[in-house]
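The structure appears below as structure tokens.
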Amino acid sequence: EPSEELEERFDDVVGVTIFKDAPVERILLWVADGQMPYIETKPIHGSQRVIRGAKADELRRQYGFADGEFVELRCMLNHELEQLLCSFMDGVVVLTPDTLRRKIAERLQRQLERYKQ
């Protein structure tokens, strides 16, 4: 049934913007300790999971974070996701995918330039 198919499609996004043929991506985030309680009680997306144990230790070494938590999402990239991630300011860092990381960094750089004016 088409309505069920549409509902399933919305399971893969934050918000309502769906790009035709967009893949579901693995998004890896670093979340600051102070931000983590909020993100645990109000998940960014239904696929959200916290990475713990040996995998988290490996990610700490790889990315150089001594504190915080690593969170994985599996969803499509869209404007609403970008806006939500930017709303966390320095409490969340996008680690992968590179395309999303660059977009967020560019947005933050533009905002920083506006604050310098």
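Bear in mind that the values here come from a model prediction, so they are computed numbers and not experimental data.
For the side-chain contact (heavy atoms from CB on, under 4.5 Å) criterion with Ile27, the lone passing option out of Leu81, Thr96, Ile44 is Leu81.
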Indicate every side-chain donor-acceptor pair of residues 63-72 with a distance under 3.5 Å to a residue at least two apart or in another chain.
from	atom 1	to	atom 2	distance (Å)
Glu72	OE1	Arg49	NE	3.2
Glu72	OE2	Arg26	NE	2.5
Glu72	OE2	Arg26	NH2	3.3

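For the atom pair CZ (Arg101) and CD (Glu106), the distance works out to 12.5 Å, reported to the nearest 0.5 Å. How far CD1 of Ile104 is from CD of Gln83: 9.5 Å, rounded to the nearest 0.5 Å. Atom CG of Leu73 and atom CG of Leu85 lie 7.0 Å apart (nearest 0.5 Å). Summarising the geometry, atom CE belonging to Met36 is positioned 11.0 Å from atom CH2 belonging to Trp30; distances are rounded to the nearest 0.5 Å. In this structure, Glu25 CD and Leu77 CG are separated by 4.0 Å, a value rounded to the nearest 0.5 Å. Rounding to the nearest 0.5 Å places SG of Cys86 at 9.0 Å from NE2 of His79.
Following chains of ILVMFWY side-chain contacts shorter than 4.5 Å, one can reach Val50 starting from Tyr38, so the two form part of one hydrophobic cluster. There is no path of hydrophobic side-chain contacts, each under 4.5 Å, that joins Leu95 to Leu108.
Here Lys55 pairs with Glu58 in a salt bridge; the nearest charged N to carboxylate O distance falls below 4.0 Å.
For the salt bridge (charged side-chain N to carboxylate O under 4.0 Å, His left out) condition, the pairs that include at least one residue of residues 108-117, sequence neighbours left out, are Glu113-Lys116.
Without hydrogens or angle criteria, Gln48 side chain to Ile39 main chain gives a donor-acceptor distance under 3.5 Å.
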| task | Report the C-alpha separation of Val93 and Leu29 in whole Å, then their side-chain angles, then the decisive distance to 0.1 Å, and conclude whether the side chain to side chain contact (heavy atoms under 4.5 Å, CB included) test is met. | result | CA-CA 6 Å; Val93 175; Leu29 309 171; over 6 Å; no

